[in-house]
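Letters go in sequence order (proteins before strands), and every chain restarts at 1. Because the structure is a prediction, the values reported are computed rather than measured.
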Amino acid sequence: MELTNKKLNIDEFLKTREEVLKTWSTGEQVKDLNQNINYAASIPKTKNFALILKKAKHDQVTLTQPRAGVALIPDHIELLKFLSEEGEADLLPTTIDSYTRQNRYESCALGIDESRRLGRSMLNGFPVVNHGVNGARQVQESLDKPVQARHGTPDARLMSEIIHAAGWTSNEGGGISYNIPYSKDVPLDKTIKDWQYCDRLAGIYEENGVPINREPFGPLTGTLVPPSMSNAVAIIEALLAAEQGVVHITVGYGQCGNQIQDIAAIKALEQQTDAYLKKYGYDRRVITTVFHQWMGGFPRDEAKAYAAIANASVTAALARVTKIIVKTTHEAFGIPTKEANANGLKCTKMVLNLLADQKVYMSKKLKEQTNIIKEETKCILDAVFEAGKGDLARGVVEAFKRGILDIPFAPSRHNANIILPARDSYGAVRYLDVGNVPLSDELKNYNRYMLEKRGITEKRPVNFQMTVDDIFAISEGRLVGKAKETRK
Amino acid sequence: MELTNKKLNIDEFLKTREEVLKTWSTGEQVKDLNQNINYAASIPKTKNFALILKKAKHDQVTLTQPRAGVALIPDHIELLKFLSEEGEADLLPTTIDSYTRQNRYESCALGIDESRRLGRSMLNGFPVVNHGVNGARQVQESLDKPVQARHGTPDARLMSEIIHAAGWTSNEGGGISYNIPYSKDVPLDKTIKDWQYCDRLAGIYEENGVPINREPFGPLTGTLVPPSMSNAVAIIEALLAAEQGVVHITVGYGQCGNQIQDIAAIKALEQQTDAYLKKYGYDRRVITTVFHQWMGGFPRDEAKAYAAIANASVTAALARVTKIIVKTTHEAFGIPTKEANANGLKCTKMVLNLLADQKVYMSKKLKEQTNIIKEETKCILDAVFEAGKGDLARGVVEAFKRGILDIPFAPSRHNANIILPARDSYGAVRYLDVGNVPLSDELKNYNRYMLEKRGITEKRPVNFQMTVDDIFAISEGRLVGKAKETRK
Amino acid sequence: MNAKTVVIGVIGADVHAVGNKVIDYALKNAGFNVVNIGVLSSQEDFINAAVETNADCIMVSSLYGHAELDCQGFREKCNEAGLNDILLYIGGNIVVGKQENAEVLERFSKLGFNRVYPPGVNIEAGIEDLKNDLNIK
Amino acid sequence: MNAKTVVIGVIGADVHAVGNKVIDYALKNAGFNVVNIGVLSSQEDFINAAVETNADCIMVSSLYGHAELDCQGFREKCNEAGLNDILLYIGGNIVVGKQENAEVLERFSKLGFNRVYPPGVNIEAGIEDLKNDLNIK
Ligand code: B12
Ligand code: B12
């Protein structure tokens, strides 16, 4: 089948499905789609991710969600319970381990064994495919809040079958956002197709009365991604999902660090996602937003990590996002303890509470930055559609080839890897090298101008060293990187 | 001598001085004012509080300062060194214990002995008068950053003599701000006179080439003080200090919690202090600002306390204050350990660094709130001048009698204690009962309107219970207090 | 009903007034007769007020950390004044810094306090205990 | 000067690419010959690259926490491939969670690594050690 942005037809879907379920032994258990849906329909509404998000959007409150996952079921349940109770998390995750993400289920089996033997989790997440639908249901049934799978899996078809069958009502990912930052050599047309499958699956649940939330992974590589680039990808994935019948979509954005730019990016993302969905005929979609606390290298000092966490939460609160993904003070070291994780949540929630009744007020600067992001995003999206001759799915593949879409620091061979980002003097992320991203001349000049300004202030050339310094900046205690000599 | 806002004449000053120095044995050691000034002149410029603040203002950076003080000299030095090095504090304090503040030097002596005996500080600060000028110099000489005395002393004349003679180049306090929140029955005319002495002393150093910084204590009772009330007091104390020849003045403000109102308050304070000083002929004054992180009841949970600290730091950074006074995660419990204190500092500095290159941009809302605070402040100040028939010092005494100046929750008998504050729906602090504060009808209506709005939203009467709930709100994890039933 | 009388105040060189005002309000709301001697009060101030008003309980607040110094001999002075049975409560931030609760409790029990409240215990808890201790329903 | 050759890459199912790109840049700046096999690399990928280019050192990055699983038998495989003297470095976030440095160091030394870098040690430190180990001034 050639790649195209069309709703999968059911026969095709079911044929693929048979093969998917064979890729690991636990696939067998979720064979009966109707039964799966019935089970998912039976869980209480208060545990439905999509509905809780919709309510939060309506009430204008921001919900907190941690990342968390360990190898063994009882430990994982204990962990999530702790984050729910002690950490006051509103939404629960299950972070999936890296072997599962690469469909290396045998390695998972080894990791599970080793974890049992050594008494500590040897996997960096919960191997949900190996644990199968019963394991996944056990998790969901032990908790009284909605559960989502958070991963980074290029081919998440089997996983998606298992989690939805277990009543996990949200799935993170997308054909671009779970490929380019998460793999080296998986072709884009394959991941887009595989995620069409996941989206279609969600659509089928939706059509059968079980709202399912889908969340494109906004931050991508989490490192100096210009807002217009990540927004473009989020909007594309929202459109691709909508085509497959997905109704509840959460578009995401990873904090860049300049408060005005970040708020502008959220506003632009929200408004443009809405507008593009309408433009392409996807009505009655429920669009919510998610803000990721700083996704790049984190400060090692705990007090400073708290600062990064709380500062990000201020931005989220003022921008009134629907949910915020929370970091911890252990971020720079490794998977956090449950206590550190709960502390990150509590700190975040406290900031949200302190600012619950406040919001940002429009200034000239905010309007200006919002417009710039929107215009840049439009340049990119126009070019993607054009590259696909009107077909968005094919456009994406072509756009990555040509570097129209180009994600900084991505490991994938299918990413052009030409553009370079850096911060301007105010800490906003700009295109240092715009590569083949088809910005208008005016926008190119603006980006260049803002960086030259920094170059002049700091008396240094505008080049890759600036980018490198910016990569380390936050972990070394500031936003805008200082020239290398002053670094240790 | 009748109270009047006139520069003390030198004979009068020296006559008083003789008596002051007799009030405790260590007074004798600072008898020679010239020698004191020469010593203070000899310390490096980098340790001069006034100069460092001036530079920070020029560079538009925000400096951090902790609170800290223990009973014994070596421990105190160790503490400050730790906060300077590990905590990266830019400015150092010495918090003075509560007995010294009440001039109860015998109790201090007991506290010092008990601290030695028990091996832990039995005093809540550094008893600088008992340690005398040599002890105070030892502290100053052991450190490479400027030192300030922070206290709450109605009669700080002897203390001021000792600290300046020891090269401590900043003194916090004022005739109102160190009386009304800090004592029960000390007459205002006495404290104003006594602080005229302290100001005149600073003025004499200044005239002899040693810049001395004076800082009226902005937050007052730290609990729901409407910005215009604390700003009015700060401006009055700046004017009183300027009359005595003080050049370097830091006006302060304690966070109320609504970001827009807080930033508006800082802007209003800065601009009006400048304007009033110029209006009354005090030229060439160097006005800097200080922002106090939330001064009321603090959350007990450490992660939540970090949130309060960092959230306050965001406001300070965006408002571009010259310095910020830092709280700690132990705030709700007691005097912090040096580690907790350093962590508060590091968290604060990290937020400041993350936002160093950013600022707030003018919005309609910010302009509106700034104007409201300015107008309220002007109503109050006009009435104070009028009450004193043009003499500010006498006006203050009269204004407190009449309740023109009226500070919520103050312990002093000389405070009218009529006004009641409460938060509006956005968390901004308003006058619930305006008492005798002479706001214009328009401003009164505005305050009332904003609170009625909250009453309607929350379906509850606008009364003292609202105030009580707001007192507990932040320590219980939010900004706007919820009705009592929901509290434990 | 014959309202019970409580003397409240903040001991020593302590000026923290907010809690004191809240306690005043809460005790009155709960039906007690409140004699509030305010901040900066000495042991003698408390005792005189209690003797004069024939009080059932003295609720000492101390926020600033000097309570250990300020309360030495308090119970003995109460006895001397004939207040042998008076309930002595203390609460607030009663020691310098964050210390082990159990240890602090013991220190103040030794000083003769019937009930000792660590930081963060609000007055509501004290009122409940008081009702129990005074057999009020 | 005859530039020394270093093979770099990220082992296992690990896709963290940022550090890898920075290390590439830094080693080249420091005058090394860099063979970058990128993320998601197996032990075999590292060894093949080292054999082909006659490398002096293999610098393994592992960020995602599975290094202990991914590195089992690495030194032995090197030996089998005739890379007996090759320097093996590893750095990044090499274990799951925040663990005692000393213990982690020991575990990886046992796996045959010459140098083991805990989280937060930047590549600059590794380059200095490499120069020492290879006698470069
Ligand atoms: C950005 C990031 C991501 C991005 C990566 C994008 C990409 N493709 O590159 C995304 C969001 C995709 C991601 C995904 C995941 N991540 Co991640 N990620 C990070 C983060 C925040 C920063 C990493 C980074 O770029 N740092 C900046 C670079 C320049 O520094 P560096 O990588 O540390 O490298 C430097 C040094 O370590 C050193 N160094 C590295 N290798 C070597 C080798 C030698 C010999 C020497 C001398 C030095 C050296 O030098 C480098 C340059 O100075 C870290 C946490 C942190 N550090 O703050 C977590 C972190 C590495 N991620 C983690 C995890 C678990 C994951 C996920 C499994 C899922 C999750 N929980 O989100 C997936 C893994 C997917 C996979 N299969 O690998 C964990 C690892 C846990 C552990 N070890 O216990 C971390 C530590 C976060 C945490 N505390 O949970 N992540
Ligand atoms: C506001 C405040 C101030 C204001 C007080 C204004 C005023 N005149 O009232 C100002 C700024 C002036 C101030 C000054 C000082 N303060 Co102060 N202050 C605070 C703060 C932040 C809040 C206190 C408050 O109002 N809370 C709200 C009220 C409603 O709660 P509360 O007072 O705790 O009372 C409740 C309970 O404790 C309980 N309770 C109280 N008493 C009793 C008694 C009984 C029997 C019962 C059952 C219950 C009970 O019920 C009350 C109502 O629910 C606290 C720290 C905190 N809690 O976050 C520090 C704190 C009390 N202050 C402290 C200190 C040291 C000082 C100073 C010495 C200087 C300094 N370091 O800044 C001076 C002292 C001056 C003096 N001579 O007393 C310390 C005490 C240290 C210690 N015990 O180890 C604290 C704990 C801060 C800290 N961690 O360092 N302070």
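- The contact between B/Arg120 and chain C is made entirely by side chain atoms (from C-beta outward), counting heavy-atom distances below 4.5 Å.
- Heavy atoms of C/Val39 lying under 4.5 Å from chain B belong to its backbone as well as its side chain.
- Atom CG of C/Asn84 has more than 12 neighbouring heavy atoms from other residues, nucleotides or ligands inside a 6.0 Å radius.
- Atom CG of C/Leu40 sits about 7.0 Å away from atom OG of B/Ser183, to the nearest 0.5 Å.
- Contact of B/Asn103 with chain C is not made at all, since no heavy-atom distance falls under 4.5 Å.
- Within 6.0 Å of CD in C/Glu100 there are 12 or fewer heavy atoms belonging to other residues, nucleotides or ligands.
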Take B/Glu476 and C/Asn122 through the side-chain contact (heavy atoms from CB on, under 4.5 Å) test and state the conclusion after the steps. CA-CA 11 Å; B/Glu476 291 185 357; C/Asn122 279 350; 3.7 Å; yes
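- For B/Lys184 against C/Gly38, the heavy-atom pair with the smallest separation is NZ-C, 4.2 Å.
- Nearest approach of C/Asn93 to B/Phe333, heavy atoms of both residues: ND2-O, 2.7 Å.
- In terms of heavy atoms, B/Ala332 sits closest to C/Pro119 at O-CB, 3.6 Å.
- C/Val15 is not listed as a side-chain neighbour of B/Arg101, based on a closest heavy-atom distance of 4.5 Å or more.
- Of the listed residues (B/Ala410, B/Pro336, B/Ser475), the greatest number of heavy-atom pairs within a distance under 4.5 Å of chain C belongs to B/Ala410.
- Within a 6.0 Å sphere centred on CZ of C/Arg107, other residues, nucleotides and ligands contribute more than 12 heavy atoms.
- The aromatic rings of C/His66 and B/Tyr99 lie tilted to each other, with the angle between the two planes from 30° to 60°.
- Put simply, the side chain of B/Leu118 does not reach to within 4.5 Å of the side chain of C/Glu68, judged on heavy atoms.
- The distance from atom CG of C/Leu69 to atom CE of B/Met122, rounded to the nearest 0.5 Å, is 4.5 Å.
- For residues 13-42 of chain C, the salt bridge (charged side-chain N to carboxylate O under 4.0 Å, His left out) pairs, not counting sequence neighbours, are C/Asp24-C/Lys28.
- With a 4.5 Å cut-off on non-hydrogen atoms, B/Arg413 does not touch chain C at all.
- At least one donor-acceptor pair under 3.5 Å links the side chain of B/Asn124 to the backbone N or O of C/Tyr64.
- Heavy atoms of other residues, nucleotides or ligands lying less than 6.0 angstrom from CD of C/Glu76 number more than 12.
- For the atom pair CG (C/Asp70) and OG (B/Ser98), the distance works out to 9.0 Å, reported to the nearest 0.5 Å.
- At a 4.5 Å heavy-atom cutoff, the contact between B/Ser121 and chain C is made by backbone atoms alone.
- In this structure, the portion of B/Pro181 lying under 4.5 Å from any heavy atom of chain C is its backbone and not its side chain.
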